[in-house]
Amino acid sequence: MSVYESLGVPAIINAAGPVTRLGGSAMSETVLGAMQDAASEWVAIEQLHAAASKMIGQVTGAEAGLVTCGASASLMLGAAAIMARYDISRMERLPDTSGLANEFVIARDQRSGYDHAIRAAGGQLVEVGFNEIGSGAGVRRTEPWEYEAAFNGRTAGVVYVYSPTSQPSLEEVVEVAHRDKLPVLVDAAGQLPPRANLMLPGMTKADLVAFSGGKAIGGPQSTGLLCGDKHLIASAALQSLDMDDHWELWDPPIEFIDRSKLKGMPRHGIGRALKVSKEEIVALVTALAMFASEDPTDQNAAHLENLQLISQTVEDPTVRCQIISGDSGESVPVLEVALATSDAVEVCRSLRKGNPPIYVGQAKLSDNRLIINPACLDQNMSETLAQRLKMEIDRNLL
Ligand SMILES: *Cc1c(COP(=O)(O)O)cnc(C)c1O
């Protein structure tokens, strides 16, 4: 019996990809092995964090890196670091930012539910630009001058959500922000693969970049990365570590946290609520090393075969299937299933209610399309999915 069944929870077929609400990605045996080994010994956590920082730096080109409990946590800690720096009284106060520079400038069309993380740290989001494309009212996106015009004495920094279509480019935004000595905090949580994006901190001079550890990297679902400027990373670490020690005894690795920058020892900070365990740190750096060094071509070829199998089973004149391969060559291909005579929402609902429950991608339901993401499917699951999908499409006619 599966561990989930013993709890009375049905295991599902996840054709939506490594999303949080369905449990994220699968960890490889190597990662699980490292995690298990890490769980049976003890270390001083800040020394482990320092070693992880060095390794993250090597892979990303950043000066330093911090393992966090998710990209969302990375954004919150990044915002806290930008506002508090090495000032321990500010660390003590957050999320109370009264009288502090706490404004983060963000393009209106980059806002999402994840900006809760910035606000949770005490940041206030200041929108610039319009969403003219989204509203069908114009042709232009946010422009660099609009960021610049929003900067004032209360500005703490810029939040930028990275994607291949983000505008203006990250380089342009970094340039205007740095002209005013303001840091840029980048949300690149789901922008891996391509592996080349790991180098965003090094390539773009962005000050801090957040990645998810539990999506494509294949680390524990509850992990993330914050990479970038070593002083900001030190501040983020200081605000999230267990600080219950004596100043006379406290001896963090100097390349990770330079004690001489501090007036004293901070107490637990705002990030104490976002702790990561030794096992999670070890598992994530193990997964990161594998992700960075392994060519995904073979895996994508297997994904493609599974998608072809599904497509061959369900395709007919009223069910159009199209495989979309990512432009980077490294991206996981997905299958779009366009339904002409069946109701995509009802098909989704029936798939979820069946046995085993099946969850498919739902980003294009408004076009009456389903998306099959093969990242969490093996061949058996793909066969089951293909049969069930065909059945539910035939049963849920418009
Ligand atoms: C997934 C995601 C996040 C959150 O990442 P977690 O690692 O789950 O905390 C934040 N921003 C974007 C754009 C994402 O896709």
Side-chain angles (χ1 to χ4, degrees), residues 14 16-27 31 52 56 60 65-81 104 106-121 123 125 127 131 134 142 157-167 170 173 184-195 197-198 200-201 204 206 208-228 236 240 270-271 273-277 280-281 283-285 287-288 291 326 328 331-332 334 359 361-364 371 373 375-376:
N14 174 8
V19 296
T20 295
R21 68 183 177 284
L22 301 177
S25 53
M27 287 183 268
V31 171
I56 295 163
T60 63
L66 182 67
V67 177
T68 67
C69 60
S72 217
S74 300
L75 295 173
M76 184 174 159
L77 290 172
F104 286 85
I106 183 169
R108 189 178 303 249
D109 68 3
Q110 292 186 3
R111 289 206 60 183
S112 78
Y114 293 112
D115 59 38
H116 250 289
I118 310 294
R119 291 181 282 129
L125 289 158
E127 290 181 359
N131 191 8
T142 310
V158 171
V159 173
Y160 186 93
V161 181
Y162 184 86
S163 83
T165 56
S166 303
Q167 278 185 30
L170 179 54
V173 173
V184 179
L185 170 59
V186 180
D187 178 355
Q191 297 302 315
L192 300 170
R195 291 176 294 163
N197 281 350
L198 279 173
L200 276 175
T204 63
L208 288 172
V209 180
F211 294 110
S212 285
K215 293 178 181 165
I217 291 175
Q221 161 60 187
S222 54
T223 57
L225 289 170
L226 182 65
C227 324
S240 52
I270 190 168
L274 307 172
K275 75 177 175 188
V276 282
S277 69
E280 290 172 315
I281 298 170
L284 179 56
V285 297
L288 180 62
F291 175 77
S328 73
S331 308
V332 173
V334 298
Y359 286 72
Q362 54 188 6
K364 296 203 171 165
I371 301 175
N373 181 316
C376 306

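We count ligands from 1, going down the list as the structure has it; atoms in each ligand are counted the same way.
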State which residues pass side chain to side chain contact (heavy atoms under 4.5 Å, CB included) with [X]; sequence neighbours excluded, sorted by chain then number.
X	answer
Thr20	Gln221
Arg111	Ile106, Asp115, Arg119, Leu125, Glu127
Ala117	Ser72, Leu75, Met76

- [ ] Search all heavy atoms of Cys69 against all heavy atoms of Val276 and return the closest pair with its distance.
- [x]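 That would be N-CG1, 3.4 Å.
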
TODO: Look only at the side chain of Ser212 and the backbone of Gly190, and say whether a donor-acceptor pair between them is shorter than 3.5 Å.
DONE: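 Not confirmed, Ser212 side chain does not pair with Gly190 backbone.
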
Task: Sidechain-backbone polar pair: Gln110 side chain, Ala107 backbone, donor-acceptor under 3.5 Å - done: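 No, because the side chain of Gln110 does not come within donor-acceptor range (under 3.5 Å) of the backbone of Ala107.
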
Task: Protein residues that have a heavy atom under 4.0 Å from any atom of ligand 1, sorted by chain and number - done: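 Shell around ligand 1 (4.0 Å, heavy atoms): Thr20, Gly70, Ala71, Ser72, Tyr114, Asp187, Ala189, Ser212, Lys215.
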
